[in-house]
Asker: 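One structure is given below, represented as structure tokens, and several questions about it will come after.
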Amino acid sequence: MSREIKFRAWDKQTKHYWYLNIVNMVFQYSRTGNNEHILRISAVEVFNNSDRFIFEQYTDLKDKNGKEIYEGDILRATSRYTDVKTEVTYVVSCLAGMELSASVWDKEVYDYEVVGNIHETPELLEASHD
């Protein structure tokens, strides 16, 4: 079984995500407006600026809507008895633990939905702990 290796990098300076294109080893950012414009930066430049960028790996999983789940994403997990939000930090401990809880408590599988990420919408995690 092969796992798809993907990364994204949160740019602390410009406050947006760059997505790694493995084929040509560049990070890309799409800026939308009247015309879509794709900006590119070399992977070497990104990796050499580790104090500017925060790297997050694709988990090889998708949410209930087919959206890719990356480290740093905030997931809404729902079951018959629970509705919680949690940050994806390490998919094995986070998602496997939640699946275990679902099987123990109500024999239902959670629905996972990416609702944000820790950089652009950190308030989602704060709201879930109130």
Side-chain angles (χ1 to χ4, degrees):
M1 176 183 236
S2 68
R3 176 185 149 112
E4 188 172 11
I5 306 297
K6 292 183 177 183
F7 290 91
R8 68 182 182 187
W10 173 252
D11 188 334
K12 295 183 217 176
Q13 183 178 322
T14 61
K15 306 288 187 223
H16 66 260
Y17 277 108
W18 296 84
Y19 289 84
L20 179 62
N21 181 324
I22 295 286
V23 174
N24 53 14
M25 290 304 289
V26 296
F27 278 87
Q28 296 179 176
Y29 164 66
S30 296
R31 186 175 11 189
T32 57
N34 292 341
N35 298 328
E36 183 170 325
H37 183 68
I38 298 177
L39 305 173
R40 291 180 177 84
I41 187 170
S42 79
V44 172
E45 185 177 344
V46 171
F47 289 126
N48 285 335
N49 275 301
S50 59
D51 34 325
R52 176 179 168 184
F53 296 97
I54 299 171
F55 301 98
E56 298 167 345
Q57 187 171 2
Y58 174 51
T59 63
D60 207 32
L61 298 171
K62 295 182 180 178
D63 74 358
K64 68 180 187 176
N65 301 313
K67 184 172 181 168
E68 295 177 341
I69 301 172
Y70 282 83
E71 293 173 305
D73 279 338
I74 298 172
L75 298 183
R76 181 178 190 171
T78 56
S79 73
R80 186 170 26 169
Y81 301 113
T82 319
D83 185 352
V84 297
K85 294 186 184 91
T86 186
E87 174 190 347
V88 177
T89 52
Y90 182 65
V91 73
V92 173
S93 62
C94 177
L95 296 182
M98 293 170 70
E99 288 168 358
L100 176 60
S101 296
S103 65
V104 168
W105 290 105
D106 59 15
K107 307 290 187 221
E108 289 184 8
V109 176
Y110 276 92
D111 282 329
Y112 299 106
E113 179 179 15
V114 175
V115 293
N117 63 69
I118 60 171
H119 306 291
E120 296 170 311
T121 53
E123 68 277 1
L124 291 176
L125 285 177
E126 295 165 13
S128 70
H129 297 314
D130 292 339

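All values reported here derive from a predicted model rather than from experimental measurement.
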Asker: Under 3.5 Å, is there a donor-acceptor pair between the Asn48 and Glu45 side chains?
Answerer: no
Asker: Could you pull out all residues at least two apart from Arg52 that satisfy salt bridge (Lys or Arg N to Asp or Glu O under 4.0 Å)?
Answerer: Asp11
Asker: Rounded at 0.5 Å granularity, tell me how far CG in Leu61 sits from OH in Tyr112.
Answerer: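 Between Leu61 CG and Tyr112 OH, I get 9.0 Å after rounding to 0.5 Å.
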Asker: Got a sec, which residues hit side-chain contact (heavy atoms from CB on, under 4.5 Å) with Asn65, two or more places apart in sequence or on another chain?
Answerer: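 Applying side-chain contact (heavy atoms from CB on, under 4.5 Å) to Asn65 gives Asp63, Glu113.
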Asker: Which heavy atom in Thr59 sits nearest to a heavy atom in Ile69, and how many Å separate them?
Answerer: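 The answer is OG1-O, 2.7 Å.
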Asker: Hydrophobic clustering (ILVMFWY, side-chain heavy atoms < 4.5 Å, transitive) - are Val26 and Phe7 grouped together?
Answerer: no
Asker: Check salt bridge (Lys or Arg N to Asp or Glu O under 4.0 Å) between Lys6 and all other residues, then give those that pass, not counting sequence neighbours.
Answerer: Glu4, Glu68
Asker: Quick check: does any side chain N or O of Arg8 sit under 3.5 Å from a backbone N or O of Glu71, one acting as donor and the other as acceptor?
Answerer: yes
Asker: Kindly indicate, with the supporting measurements, whether the criterion side-chain contact (heavy atoms from CB on, under 4.5 Å) is fulfilled by Phe53 and Ile41.
Answerer: CA-CA 12 Å; Phe53 296 97; Ile41 187 170; 4.2 Å; yes
Asker: Looking at residues at least two apart in the chain, or sitting in another chain, which of them share a side chain to side chain donor-acceptor pair (under 3.5 Å) with Asn49?
Answerer: none
Asker: Looking only at heavy atoms, which two atoms of Ala43 and Leu20 are closest? And how far apart?
Answerer: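 Shortest heavy-atom contact: CB-CD1, 4.0 Å.
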Asker: Hey, mind stepping through Leu125 and Ile74 against side-chain contact (heavy atoms from CB on, under 4.5 Å) and telling me if it holds?
Answerer: CA-CA 7 Å; Leu125 285 177; Ile74 298 172; 3.8 Å; yes
Asker: Can Val115 and Leu75 be said to form a side-chain contact (heavy atoms from CB on, under 4.5 Å), step by step?
Answerer: CA-CA 6 Å; Val115 293; Leu75 298 183; over 6 Å; no
Asker: Holding to side chain to side chain donor-acceptor pair (under 3.5 Å), I want the full list of residues that pass it with His119, two or more places apart in sequence or in another chain.
Answerer: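 Side chain to side chain donor-acceptor pair (under 3.5 Å) check on His119 returns Glu56.
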Asker: Please enumerate all residues that pass ring pair (Phe, Tyr, Trp, His ring centres under 6.0 Å) together with Phe47, with sequence neighbours excluded.
Answerer: Phe27, Phe55
Asker: Provide the closest heavy-atom pair for Leu39 versus Trp18 in the form atom of the first, atom of the second, distance.
Answerer: O-CZ3, 3.6 Å
Asker: With a cut-off of 6.0 Å (strictly less than), are more than 12 heavy atoms of other residues, nucleotides or ligands near NZ of Lys67?
Answerer: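 Open: at most 12 neighbouring heavy atoms sit under 6.0 Å from NZ of Lys67.
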Asker: Could you please spell out the steps behind the side-chain contact (heavy atoms from CB on, under 4.5 Å) verdict for Leu124 and Arg76?
Answerer: CA-CA 10 Å; Leu124 291 176; Arg76 181 178 190 171; over 6 Å; no
Asker: Give a yes or no on whether Met25 and Val46 share a hydrophobic cluster (residues Ile, Leu, Val, Met, Phe, Trp, Tyr; joining criterion: side-chain heavy atoms under 4.5 Å apart).
Answerer: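 Met25 does not cluster with Val46.
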Asker: What closest approach, in Å, do Glu120 and Glu123 show between heavy atoms, and which atom pair accounts for it?
Answerer: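 Result for this residue pair: O-OE1, 4.3 Å.
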Asker: Name the orientation class of the two ring planes belonging to Tyr19 and Tyr70 (parallel below 30°, tilted from 30 to 60°, perpendicular beyond 60°).
Answerer: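 Perpendicular: the ring planes of Tyr19 and Tyr70 meet at over 60°.
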Asker: With a cut-off of 6.0 Å (strictly less than), are more than 12 heavy atoms of other residues, nucleotides or ligands near NZ of Lys62?
Answerer: no
